[in-house]
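Reviewing the structure listed below.
Predicted model only: the values in this text are computed from it and were never measured.
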Amino acid sequence: QVLLAESGGGSVQPGGSLKLSCAASGSVNYMAWFRQVPGKQREVVAGTYIGGRPFPAYADFVQDRFTLSQETGMDTLHLQMNNLKAEASGLYYCAAHRIFKGGKWTDATEYKYWGQGTQITVSS
């Protein structure tokens, strides 16, 4: 089993920045961030392989404003979010695979392990 611990959410004004973090207990090889808003399914934000060759991937709406990073020797994933807009608000979830073999990284149903979610609110 894998346990994911998320942190870094909160409230910020438009144009501000936040940094999300997800720490995994248990071996994983792929981690991702998803966003969910009321009435909609979880939508992928970004994801990458862990503990090997980096292969970051981002959703189109990110538009070069978000950046993934990892801590050496740890199954910890960070998402630096800059120039935040109101549309970025939502409940952000960390997700992970123990062994990811190139499936649909953008599909929430492909992930078995999830964090509890951390809220991000972008407003004036």
Side-chain angles (χ1 to χ4, degrees):
Q1 295 295 325
V2 174
L3 180 65
L4 304 176
E6 303 149 325
S7 62
S11 298
V12 65
Q13 294 183 342
S17 299
L18 289 172
K19 185 178 182 179
L20 300 180
S21 299
C22 179
S25 61
S27 180
V28 299
N29 82 328
Y30 198 91
M31 299 175 68
W33 285 99
F34 284 77
R35 180 185 68 186
Q36 187 168 30
V37 297
K40 296 183 179 295
Q41 298 184 33
R42 295 181 186 181
E43 181 182 41
V44 71
V45 178
T48 189
Y49 283 99
I50 299 294
R53 184 183 66 184
F55 189 41
Y58 302 90
D60 291 340
F61 79 88
V62 169
Q63 299 180 343
D64 299 322
R65 297 181 293 111
F66 297 177
T67 303
L68 290 169
S69 63
Q70 303 172 48
E71 296 185 9
T72 302
M74 302 179 183
D75 288 345
T76 301
L77 181 67
H78 303 287
L79 180 65
Q80 180 67 48
M81 310 169 71
N82 297 324
N83 193 23
L84 286 164
K85 302 177 181 180
E87 303 88 84
S89 298
L91 188 62
Y92 283 71
Y93 292 91
C94 180
H97 284 281
R98 290 186 63 86
I99 303 176
F100 183 66
K101 299 181 179 180
K104 296 181 179 180
W105 74 281
T106 60
D107 189 348
T109 64
E110 294 291 308
Y111 295 81
K112 295 183 178 180
Y113 304 102
W114 294 87
Q116 64 182 10
T118 183
Q119 181 69 41
I120 288 180
T121 302
V122 185
S123 65
S124 301

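- Listed here is the closest heavy atom pair of Cys22 and Leu4: SG-CB, 4.0 Å.
- In Glu71, the CD atom is crowded: over 12 heavy atoms of neighbouring residues, nucleotides or ligands sit closer than 6.0 Å.
- Of the inter-residue distances, the one linking Gln13 atom CD with Ser123 atom OG reads 8.0 Å to the nearest 0.5 angstrom.
- Of the possible donor and acceptor atoms, none in the side chain of Thr121 sits under 3.5 Å from a partner among the backbone N and O of Ser89.
- Crowding of Phe61 atom CZ: a count of heavy atoms from other residues, nucleotides or ligands under 6.0 Å exceeding 12.
- If you look at Phe66 and Tyr58, their ring centroids are not closer than 6.0 Å.
- Ring geometry for Tyr93 versus Trp114: interplanar angle over 60°, hence perpendicular rather than tilted (30 to 60°).
- Panel note: side chain Gln36, backbone Leu91; no donor-acceptor pair is recorded below 3.5 Å.
- Atom CG of Leu77 and atom OG of Ser69 lie 7.0 Å apart (nearest 0.5 Å).
- Using cut-offs of 30° and 60° on the angle between ring planes, the pair Tyr49 and Tyr30 is perpendicular.
- For the atom pair Arg65 CZ and Lys85 NZ, the distance stands at 5.0 Å (nearest 0.5 Å).
- Note: Leu18 CG to Thr118 OG1 = 9.0 Å, rounded to the nearest 0.5 Å.
- Of the possible polar contacts, none joining the Thr106 side chain to the Val44 backbone as a donor-acceptor pair under 3.5 Å is found.
- The aromatic rings of Tyr111 and His97 sit tilted, their planes meeting at an angle between 30° and 60°.
- Hydrophobic clustering (ILVMFWY, side-chain heavy atoms < 4.5 Å, transitive): Val45 and Val12 are in one cluster.
- Heavy atoms only, all atoms of each residue included: Gln80 and Ser17 are closest at NE2-CB, 3.9 Å.
- Of all non-hydrogen atoms in Asp75 and Val28, the two that sit nearest each other are OD2-N, 3.7 Å.
- When every heavy atom of His78 is checked against every heavy atom of Ser21, the shortest pair comes out as ND1-OG, 2.6 Å.
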